[in-house]
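Some notes on the structure that comes next.
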Amino acid sequence: MRTRRPNPLRSLPAVSAAAALFALTACGGPDLAEAEHYTDLSDQPMAASGIELATVDGEPWGFTDVAEDRLTLLFFGYTSCPDVCPMTMAEINLALEQSGDDADGFDVVMVSSDPARDTDEQLRSWLDRFDPDFQGVRGDIDDTVRAALDYGVPIDAPEETEGEYLVTHGGRILVLTPGGEAAGMFAEGVEADQIAPLLPVLLTELL
């Protein structure tokens with residue numbers, strides 16, 4: 001098994017460990033518009049996808065069903081992923097732990113890009129390794145692909161070629177506001193100490 005990665009020309013650049021965590025405003029706080037590992041879309045947010053999927057509990061779920069009083073960190077991935085997906089979930093979990101009380105202002109949702117193998121039970125069990133409050137969502141793969149593209153995340157339906165099962169997923173972490181609009185996104189490979197300082201700023205500016 002191997003992961004087929006999206007076209008790098010369509011992906012956001014990764015941030016090296018030596019890059020600055022964020023630019024500073026005159027007051028000394030992080031500036032979303034200048035953070036190299038974060039793309040600020042708040043002036044022109046992406047519209048919420050109209051695709052309907054379902055939670056691992058079997059309840060209907062749409063992107064407009066996100067919480068009205070919190071922000072949602074959204075990721076498209078799959079549980080058999082050997083590297084990017086578990087690392088991304090771990091970094092999100094650590095960032096929320098580092099943010100203290102600000103963590104209460106965020107939900108985390110992972111949409112499976114391999115729903116044929118990510119059963120409800122598998123997805124729930126996998127997410128529990130990081131945080132039982134993380135929500136798993138899955139549905140028809142064609143619907144999932146369309147939803148991801150609605151948010152600018154290029155994924156394809158899994159394919160089996162020459163004995164290899166190929167799955168694509170997006171490496172970006174989307175920040176959804178109440179109503180499901182994407183007001184920004186963290187770049188693939190972002191680390192917890194790059195995410196955590198921006199979380200209180202996101203709450204202040206987007207809620």
Side-chain angles (χ1 to χ4, degrees), residues 1-15 37 39 41 46-66 72-93 107-131 134-176 180-182 184-191:
M1 180 195 307
R2 63 186 175 89
T3 300
R4 183 181 59 204
R5 307 299 292 279
N7 184 338
L9 295 178
R10 300 179 64 183
S11 299
L12 295 179
V15 180
H37 51 278
T39 301
L41 304 174
M46 295 182 182
S49 173
I51 296 295
E52 294 290 328
L53 301 172
T55 70
V56 293
D57 299 318
E59 297 295 327
W61 187 90
F63 295 89
T64 57
D65 294 330
V66 294
T72 298
L73 301 177
L74 176 71
F75 181 73
F76 290 86
Y78 67 110
T79 65
S80 299
C81 176
D83 41 36
V84 174
C85 300
M87 286 301 298
T88 299
M89 289 294 105
E91 295 295 340
I92 291 174
N93 184 47
D107 288 337
V108 177
V109 175
M110 176 169 149
V111 178
S112 174
S113 60
D114 185 18
R117 296 189 302 172
D118 284 345
T119 64
D120 290 337
E121 294 78 9
Q122 168 66 13
L123 185 52
R124 179 67 272 157
S125 176
W126 189 83
L127 289 171
D128 283 347
R129 294 162 47 190
F130 305 99
D131 189 323
F134 287 5
Q135 178 64 67
V137 172
R138 55 189 295 275
D140 179 82
I141 185 57
D142 291 334
D143 288 341
T144 301
V145 169
R146 287 196 296 272
L149 291 177
D150 285 343
Y151 287 116
V153 178
I155 68 174
D156 297 310
E159 297 178 1
E160 188 167 358
T161 303
E162 297 180 352
E164 291 189 308
Y165 193 83
L166 307 178
V167 183
T168 63
H169 59 80
R172 307 167 190 172
I173 304 168
L174 295 158
V175 179
L176 304 188
E181 291 186 327
M185 60 181 71
F186 288 95
E188 178 178 341
V190 68
E191 298 178 356

Practice item. Compare all side-chain heavy atoms of Val108 with those of Asp131 and state whether any distance is below 4.5 angstrom. Key: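 Of all side-chain heavy-atom pairs linking Asp131 with Val108, none is under 4.5 Å.
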Exercise for review: List the steps, then state whether side chain to side chain contact (heavy atoms under 4.5 Å, CB included) holds for Val109 with Leu73.
Suggested key: CA-CA 6 Å; Val109 175; Leu73 301 177; over 6 Å; no
**Study point:** Name of the residue among Gln122, Arg117, Arg124 meeting side chain to side chain donor-acceptor pair (under 3.5 Å) with Thr79
**Key:**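 Among the candidates, only Gln122 passes.
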Nearest-0.5 Å distance that lies between atom [atom1] in [X] and atom [atom2] in [Y]:
X      : Y      : atom1 : atom2 : result
Trp126 : Thr119 : CH2   : OG1   : 13.5 Å
Phe75  : Met110 : CZ    : CE    : 6.5 Å
Asp143 : Ile51  : CG    : CD1   : 4.5 Å
Asp65  : Glu52  : CG    : CD    : 6.0 Å
Gln135 : Asp107 : CD    : CG    : 8.5 Å
Glu191 : Ile92  : CD    : CD1   : 13.0 Å

Nearest heavy-atom neighbours spanning [X] and [Y]:
X      : Y      : result
Ile155 : Gly170 : CG2-N, 3.5 Å
His169 : Tyr78  : CD2-CE2, 3.5 Å
Tyr151 : Met185 : O-CE, 4.1 Å
Tyr165 : Ala116 : OH-CB, 4.4 Å
Leu123 : Ser112 : CD2-CB, 4.3 Å
Pro154 : Leu149 : CA-CD2, 3.7 Å

Donor-acceptor pair, [X] side chain versus [Y] backbone, under 3.5 Å?
X      : Y      : value
Arg138 : Asp118 : yes
Ser49  : Phe63  : no
Asn93  : Phe130 : yes
Thr144 : Ser113 : no
Asp140 : Asp142 : yes
Arg129 : Pro86  : no
Thr72  : Leu74  : no
Thr88  : Val84  : yes

Check your understanding: Would you call Arg146-Asp150 a salt bridge at under 4.0 Å N-O?
Key ->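 Looking at Asp150 together with Arg146, the answer is no, because their closest N to O distance does not fall below 4.0 Å.
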